[in-house]
Amino acid sequence: MKDKNIQPIRGMSDVLPGQTYLWEYLEDTVRAWLQSYGYLNIRTPILEKTDLFVRSIGETTDIVEKEMYTFTDRLNGESLTLRPEGTASCVRAVLQHNLLYSGPQRLYYTGPMFRHERPQQGRFRQFHQVGVEALGYPGPDIDAEHIIMCERLWNKLGLTGIKLRMNTLGSVDCRARYRERLKKYLTPFGNKLGDSVRNRVERNPLRVLDSKDPALQPIIDGAPRLLDDIDEASRKHFEELQATLRRAGIAFEINPRLVRGLDYYNLTVFEWMSDKLGAQNTVCAGGRYDSLVEQLGGKPAPACGYAMGIERLLALLQEGAAVAQPADVYLVHQGEAADKFALQVAEKLRDSGIRVIVHCGGGSFKSQMKRADSSGARFAVIIGDDEAQAQQASLKPLRESGEQIRTGITEIVDMLRKHHV
RNA sequence: GUGGACGUAGCUCAAUGGUAGAGUCCCGGAUUGUGAUUCCGGUUGUUGUGGGUUCGAAUCCCAUCGUCCACCCCA
């Protein structure tokens, strides 16, 4: 059964009803939270021209070098890629439709992303992100807004143990200068570094800084620090951000080695990490990308944003953070007249906002009652021929004590209302 | 991409190289129109797949697919 049937693709999983209520809870909470900060939803295609990601994320990043689902469109030979992240598409769409013409934009998106990595805890080939982007805002005030709003979300969701780490990469020029300096420093260590690391020194030296390889630690510790040689404007930006966060009572740690995996970042970068997730412990990360808009062909515009991993947030939700919402009423019916009447009753109950499952498929009262019970509904409404004859129904509580009562339909609606259904 | 652990009923798991089992779930019944508890009865498998060793393989070997965890990397 497992081999003969078609299996899902490795690292891509079905989310079943036993889990989806948690997803829906999270999605609802997140949407309300985003709206409370005035962010507007944007939806872009999942598939884009490969070049969009290569140009925005960076040719020498792991994502572009080995993790993208890229294929050729058979019909016209174009190279297409399933989006590995959302920022590039979002910026592309903003440029396409000149959204910045009418001023800065606060946007968000949610949906699946795709990276061809080996799956493990907290890492999937299809995973889901909520992304938040603010375009056209230059100052550290928006950086601070992003971080403060994250903290609010963790509180709303009841998540604990999530810590903030920040760094600044300086301006684009500053970052480029530092890159060369770092390269100069690292190159002499060539032999000590493995091939892969040496390659990285050549192509993307900043990535060496956040390596976990213990052998590299002494070398990394001795490396020049970007923070020590940052231009005045960048320093001021970072300091203002810190001051705002302190006023908001948000704890953070500055980690000079924090470098993000995507090339487009500059100035502020940050990362929220959990202590409960195993090796993949980043639940949310982002920063500023002031050059990306121009890089993708737009008029220069500052921007910053971040993304969080839905699966990782779900893994942190406390047991019982949300409960599945069963129907209020399971409607049991038997007999020709009862079957017809039951449908009318069900619609009437729904008119009053009551959630009703109508039993389908016939069967004895006993078997129908079993279904009623296992559906989780709080009440059974029972209609046999006797009730149908009298245009009545019987209401039986399934989760609490109380007698079964036979009465008219409007009375049943009233009684259900009294029970806060 | 590299490494380690693991694949037995829908689910959770047993079974020294000797007939593949339990719990749960599901279905039916316990005075004919009433659930979850209790009691009785019943169904459930190409032991992931393909080879090999053996008189005999769920068990040992090889390959393959998949899952999990870690490396790497990241949300």
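Heavy atoms only: backbone and side chains are in, while hydrogens, waters and symmetry mates are out. Chain letters run A, B, ... following the sequence lines, proteins first and then strands; every chain starts at 1.
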Any residue meeting ring-ring contact (aromatic ring centres under 6.0 Å, His included) with A:Y289, in chain and number order, not counting sequence neighbours: A:Y264
Residue pairs fulfilling side-chain hydrogen bond (donor to acceptor under 3.5 Å, both in side chains) with at least one residue in residues 401-418 of chain A, sequence neighbours excluded: A:Q392-A:R406
Does B:A70 have its OP1 or OP2 closer than 4.0 Å to a side-chain nitrogen or oxygen of A:Q120? yes
Spacing of A:R152 atom CZ and A:Y37 atom OH [to the nearest 0.5 Å]: 4.0 Å
Tell me whether A:R165 contacts the main-chain N or O of A:L258 through its side chain, where contact means a donor paired with an acceptor under 3.5 Å. no
Do the side chains of A:Y39 and A:M149 get nearer than 4.5 Å, heavy atoms only? yes
Count the heavy atoms belonging to other residues, nucleotides or ligands that lie under 6.0 Å from CD of A:E336, then report whether that count exceeds 12. no
Taking only residues two or more places apart in sequence or in another chain, which ones pass salt bridge (charged side-chain N to carboxylate O under 4.0 Å, His left out) with A:R350? A:E347
Is there any ring-ring contact (aromatic ring centres under 6.0 Å, His included) pair reaching into residues 351-408 of chain A, and which pairs are they, with sequence neighbours excluded? A:Y330-A:H359, A:F379-A:H419
Applying ring-ring contact (aromatic ring centres under 6.0 Å, His included), name anything that partners A:H333, two or more places apart in sequence or on another chain. none
Starting at the 5' end of RNA chain B and moving along, which residue's nearest nucleotide shows up first, A:Q280 or A:G11? A:G11
Strand-adjacent residues in residues 302-314 of chain A, judged by heavy atoms under 4.0 Å from RNA chain B: A:A307, A:G309, A:R312
Residues in residues 27-49 of chain A with a heavy atom under 4.0 Å of RNA chain B, by number, are none
A:R106 vs A:L40 side-chain heavy atoms within contact, under 4.5 Å: no
Donor-acceptor pair (no angle test) under 3.5 Å: A:R10 side chain, B:U67 base: no
With 3.5 Å as the limit, what N/O pairs link the protein to nucleotides 40-43 of chain B?
none

Strictly under 3.5 Å: I want the nitrogen or oxygen pairs between protein and nucleotides 31-38 of chain B, one per line.
{"from": "B:G33", "atom 1": "O6", "to": "A:D386", "atom 2": "N", "distance (Å)": "3.3"}
{"from": "B:G33", "atom 1": "O6", "to": "A:D386", "atom 2": "OD1", "distance (Å)": "3.3"}
{"from": "B:G33", "atom 1": "O6", "to": "A:D386", "atom 2": "OD2", "distance (Å)": "2.6"}
{"from": "B:G33", "atom 1": "N1", "to": "A:E387", "atom 2": "OE1", "distance (Å)": "2.8"}
{"from": "B:G33", "atom 1": "N1", "to": "A:E387", "atom 2": "OE2", "distance (Å)": "3.3"}
{"from": "B:G33", "atom 1": "N2", "to": "A:E387", "atom 2": "OE2", "distance (Å)": "2.8"}
{"from": "B:U34", "atom 1": "O2", "to": "A:K396", "atom 2": "NZ", "distance (Å)": "3.2"}
{"from": "B:U34", "atom 1": "O2", "to": "A:Q404", "atom 2": "OE1", "distance (Å)": "3.2"}
{"from": "B:U34", "atom 1": "N3", "to": "A:Q404", "atom 2": "OE1", "distance (Å)": "2.8"}
{"from": "B:U34", "atom 1": "N3", "to": "A:Q404", "atom 2": "NE2", "distance (Å)": "3.1"}
{"from": "B:U34", "atom 1": "O4", "to": "A:Q404", "atom 2": "NE2", "distance (Å)": "2.7"}
{"from": "B:G35", "atom 1": "O2'", "to": "A:D373", "atom 2": "OD2", "distance (Å)": "3.4"}
{"from": "B:G35", "atom 1": "N1", "to": "A:L398", "atom 2": "O", "distance (Å)": "3.2"}
{"from": "B:G35", "atom 1": "N2", "to": "A:D373", "atom 2": "OD1", "distance (Å)": "3.1"}
{"from": "B:G35", "atom 1": "N2", "to": "A:L398", "atom 2": "O", "distance (Å)": "2.3"}
{"from": "B:G35", "atom 1": "N3", "to": "A:D373", "atom 2": "OD1", "distance (Å)": "3.3"}
{"from": "B:A36", "atom 1": "O4'", "to": "A:D373", "atom 2": "OD2", "distance (Å)": "2.6"}

How is the base pairing of RNA chain B summarised as a dot-bracket string, given the Watson-Crick and G-U wobble criteria with both distances under 3.5 Å, [ ] for crossing and | for another strand? (((((((..((((....[..)))).(((((.......))))).....(((((..]....))))))))))))....
When we call it a touch if two heavy atoms are under 4.0 Å apart, what does A:Q121 touch: a base, just sugar-phosphate, or nothing? sugar-phosphate
Listed partners of A:H128 passing ring-ring contact (aromatic ring centres under 6.0 Å, His included), at least two apart: A:W23
Tell me which of A:C284 and A:H116 sits closer to the 5' end of RNA chain B, going by the nucleotide each one is nearest to. A:H116
May I ask you to test the A:V94-A:L100 pair for a side-chain heavy-atom distance under 4.5 Å? yes
Indicate, with a heavy-atom threshold strictly under 4.0 Å, whether A:G122 touches base, sugar-phosphate, or nothing. base
Who passes side-chain hydrogen bond (donor to acceptor under 3.5 Å, both in side chains) against A:S375, sequence neighbours left out? none
Hey, does A:F114 have a side-chain heavy atom less than 4.5 Å from the side chain of A:I46? yes
